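Working notes, beginning with the structure itself.
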Amino acid sequence: MEFRRVADILKNGQPEEAVVVKGWVRTKRELKGFAFTEVNDGSSLAGLQVVLDSDIPDYEANLKQINTGASIEVTGTLVASQGKGQKIELKADTVIIYGEADPETYPLQKKRHSFEFLREISHLRSRTNTLGAVFRVRNACATAIHQFFQEKGFLWIHTPIITASDCEGAGELFTVTNFNLDKLPQDKEGKIDYSQDFFGKPAYLTVSGQLQVEAMAMAFQNVYTFGPTFRAENSNTSRHLAEFWMIEPEMAFCDLEGDQNLAEEFLKYIFQYVLDNCPEDIEFFNKWINKSLLETANNIMSNEFERVTYTKAVELLEKASKKFEFPVEWGIDLQSEHERYLAEELFKKPVIVTNYPKGIKAFYMRLDEGEKTVSAMDVLAPGIGEIIGGSQREERLDILERRIQEMNIEADSLWWYLDLRRYGSVPHAGFGLGFERLVQFITGMANIRDVIPFPRTPDNADF
RNA sequence: UCCUCGGUAGCUCAGUGGUAGAGCGGUCGGCUGUUAACCGAUUGGUCGUAGGUUCGAAUCCCACCCGGGGAGCCA
């Protein structure tokens with residue numbers, strides 16, 4: 001008698017095989033003299049239909065306890081299904097109830113729930129079809145990311161979670177301290193005396209591992225981060241989390257074009273991997289969540305991404321017949337409506353916009369000739385907007401120092417970053433992408449809070 | 001943070017000044033192949049919270065709390 005996962009049984013199970021299945025009851029249908037129940041163990045979207053004949057031991061008692069949400073173990077024999085909807089089903093010999101789920105109070109019903117409601121029961125929502133599919137796809141994305149980089153010889157770098165540098169300019173920071181907040185030590189001027197804090201200076205949760213991973217790229221050439229990131233920004237949108245996961249590849253001896261090539265190859269690879277490994281889940285999303293999902297995926301995988309400079313993009317937007325709420329003008333950052341127009345209406349496929357004005361981009365991006373623009377790139381995808389942001393980094397010490405001064409960035413904690421330009425500096429480039437936004441993109445889920453198991457947002461750190 | 005819409009039964013919602021409603025769910029009964037099972041019956045309420053207006057408030061006014069959508073910021 002062999003313990004098998006449901007996904008394996010549905011794929012490989014043959015009639016006459018004796019199996020043991022363990023999982024959670026999704027639904028029960030009682031008829032006179034027998035009953036059906038569907039058991040799901042998380043291994044697949046579809047559950048296994050179990051047939052319970054009234055001649056099994058303790059039929060009446062068991063049936064009372066087999067309710068939606070209960071955990072059970074079924075031992076029996078696989079048989080070809082007489083009904084429609086499944087090829088194979090399990091004819092039970094014995095049933096063990098592990099844990100009951102009182103139908104009067106169990107919040108998940110055999111019906112569709114709103115995602116807003118499911119968020120209030122985040123500890124249970126993974127037992128639903130949609131969230132189950134989301135987290136299987138999320139896992140596949142993570143696997144695909146590592147596989148992609150590992151196949152290319154990139155090293156996975158664990159950059160610090162705690163940082164004393166607040167100069168990345170990527171948003172508000174969470175402070176890390178072991179001070180007693182009711183009794184903050186003060187210096188003679190009445191200011192908080194951080195020299196007494198754990199790190200001897202103000203410390204924060206990381207908003208990006210990029211600066212550190214650049215240092216590692218200067219030793220291993222090709223590296224990437226994949227880890228948690230924190231932003232204390234008071235953003236209440238369907239695309240923002242206070243705690244999220246970010247992927248940041250960094251390549252030495254690489255320019256902006258190589259960066260674009262990697263971003264394009266990366267996205268195509270992830271989509272292909274998920275389509276190959278989670279076809280059932282993707283089919284589900286395409287049917288119930290976003291009917292153009294497969295179309296979008298195929299669009300991503302089969303088309304060359306369009307590549308335009310920022311200057312060209314602005315020209316195209318100015319020529320557009322469409323009226324924008326925010327007028328376009330060289331020098332401004334592109335608004336979401338502009339990005340959407342480029343990707344969704346004009347090119348109808350992913351667009352990489354490059355060489356943005358230096359005034360709207362970060363200090364570390366490489367200054368282009370003419371010194372008006374920097375070697376930045378944003379990948380804009382239909383239906384989601386900016387999904388990847390990256391750049392070639394400034395590898396020239398004098399120019400980087402000048403840029404830091406021009407932008408009034410506090411340079412003391414950046415000494416080591418500048419050292420990288422002092423000793424064996426090379427052209428290098430990389431990009432960052434939010435993992436949850438990638439999962440959103442691939443699943444079609446509208447709200448980012450529904451693609452991470454336990455979302456952290458302003459005023460919400462439950463579970 | 002700003003704009004906007006909303007909060008009524010376990011869930012999804014209707015009810016716009018005069019006795020609190022529906023569907024689904026739950027419960028009970030029926031049904032020999034169901035699969036969002038079906039059929040019948042039944043159960044179910046601090047109308048977000050606290051004030052105010054009124055003979056009378058789920059409904060009108062004020063404040064606050066919570067949620068959705070959009071914007072900004074960004075990934």
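Here is how names work: the chains are called A, B, and so on, in the same order as the sequence lines, proteins then strands, and each is numbered from 1. For clarity, every value in this text was computed on a predicted model and none was experimentally measured. Note: hydrogens, waters and symmetry copies are ignored here, and every other heavy atom, side chains too, is used.
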Separation of B/A36 atom P from A/Q86 atom CD, nearest Å, is 10 Å
Do A/E120 and B/G67 share a donor-acceptor pair, side chain to base, under 3.5 Å?
no
Should A/R393 and A/E395 count as an ion pair when the cut-off is N to O under 4.0 Å?
no
Between A/P357 and A/G331, what is the shortest heavy-atom contact and its length?
CG-CA, 3.9 Å
Could A/E17 and A/R4 be called an ion pair, given the rule that one side-chain N must be under 4.0 Å from one carboxylate O?
yes
Distance-minimising heavy-atom pair for A/A46 and A/S44
O-OG, 2.7 Å
Side-chain atoms of A/E89 come closest, of B/G26, B/G10, B/U34, to B/U34
Quick one: label A/L241 by what it contacts on the DNA or RNA (base, sugar-phosphate, nothing), any heavy atom closer than 4.0 Å.
base
Is there a Watson-Crick or G-U wobble partner for B/A36 with both distances under 3.5 Å, and if so, which one is it?
none
With both distances under 3.5 angstrom, what nucleotide forms a Watson-Crick or G-U wobble pair with B/A71?
B/U1
Please list, pair by pair, any protein nitrogen or oxygen found under 3.5 Å from a nitrogen or oxygen in nucleotides 30-32 of chain B.
from, atom 1, to, atom 2, distance (Å)
B/C31, OP2, A/K32, NZ, 2.8
B/C31, N4, A/E30, O, 3.4

NA contact type, A/E337, heavy-atom cut-off 4.0 Å: base, sugar-phosphate, or nothing?
nothing
Taking atom P in both B/G6 and B/G48, compute the distance separating them and give it to the nearest angstrom.
13 Å
Does A/Q82 reach a base, just sugar-phosphate, or nothing at all? Heavy atoms under 4.0 Å.
base
Which one is paired to B/C31, where only Watson-Crick or G-U wobble pairs with both distances under 3.5 angstrom count?
none
Between A/E386 and A/H113, just flag the one whose closest nucleotide in RNA chain B comes earlier from the 5' side.
A/H113
Nearest-angstrom distance from the residue atom CZ of A/R26 to C1' of B/U34
18 Å
Rounded to the nearest Å, what distance is computed from the OH atom of residue A/Y356 to the C1' atom of nucleotide B/C74?
13 Å
Between the side chains of A/E250 and A/Y224, is a donor N or O closer than 3.5 angstrom to an acceptor N or O?
no
The side chain of A/F117 lies closest to which of these nucleotides: B/U12, B/A71, B/G68?
B/U12
Would you please confirm or rule out a distance under 4.0 Å between OP1 or OP2 of B/G70 and any side-chain N or O of A/S238?
yes
What is the distance, rounded to the nearest whole Å, between atom NZ of A/K110 and atom C1' of B/U34?
11 Å
Distance between the C1' atoms of B/G25 and B/G44, in whole angstroms?
10 Å
Would you mind pulling out the nucleotide paired to B/U49, Watson-Crick or G-U wobble, both distances under 3.5 Å?
B/A63
Closest to the A/T237 side chain: B/G72, B/U12, B/G68?
B/G72
Does A/S235 get its side chain close enough to the base of B/C73, under 3.5 Å, for a donor-acceptor pair?
yes
Rounded P spacing from B/C13 to B/G68 in Å:
13 Å
When the P atoms of B/G26 and B/G69 are compared, how many Å lie between them, rounded to an integer?
29 Å
For nucleotides B/G70 and B/G17, find the distance between their C1' atoms and express it as a whole number of Å.
34 Å
Can you identify which nucleotide, out of B/C24, B/G33, B/G26, has its nearest atom closest to the A/K111 side chain?
B/C24
A/R119 CZ to B/C11 P: how many Å, rounded?
15 Å
Side-chain N or O of A/S336 closer than 4.0 Å to phosphate OP1/OP2 of B/G72
yes
Considering all heavy atoms of both residues, which atom of A/L173 and which atom of A/L205 are nearest to each other, and what is their separation?
CD2-O, 3.9 Å
Length of the CD-P vector between A/Q65 and B/U27, whole Å:
13 Å
Could you tell me whether A/E337 and A/K322 make a salt bridge, using a distance below 4.0 angstrom between a side-chain N and a carboxylate O?
no
Any side-chain N or O of A/Q335 below 4.0 angstrom from OP1/OP2 of B/G72?
yes
With a 6.0 Å cut-off (strictly less than), is the heavy-atom count around CD of A/E257, excluding the residue itself, greater than 12?
no
A/F36 atom CZ is separated from B/C38 atom C1', nearest whole Å, by 13 Å
Does a salt bridge link A/D450 with A/R119, judged by any charged N lying under 4.0 Å from a carboxylate O?
yes
Tell me which of A/E104 and A/R340 sits closer to the 5' end of RNA chain B, going by the nucleotide each one is nearest to.
A/E104
Under 3.5 Å on both distances, the Watson-Crick or G-U partner of B/C13
B/G21
Tell me whether the OP1 or OP2 atom of B/G68 has a side-chain N or O from A/R449 closer than 4.0 Å.
yes
NZ/NE/NH1/NH2 to OD/OE distance under 4.0 Å, A/R138 and A/E436
yes
P gap between B/A14 and B/C62, integer Å
22 Å
Does A/N236 place a side-chain N or O at less than 4.0 Å from the phosphate oxygens OP1/OP2 of B/C2?
no
Using whole Å, what does the distance between atom C1' of nucleotide B/G68 and atom CG of A/D459 come to?
16 Å
A/E116 side chain: which of B/U1, B/C73, B/G67 is closest?
B/G67
Look at the rings of A/F463 and A/F454 and say which category their plane angle falls in: under 30° parallel, 30 to 60° tilted, over 60° perpendicular.
tilted
Work out how far the C1' atom of B/G56 is from that of B/C65, and round it to whole angstrom.
28 Å
Base, sugar-phosphate, or nothing for A/P103, non-hydrogen atoms under 4.0 angstrom?
sugar-phosphate
Roughly how far apart, to the nearest Å, are B/G7 and B/G45 at atom C1'?
15 Å
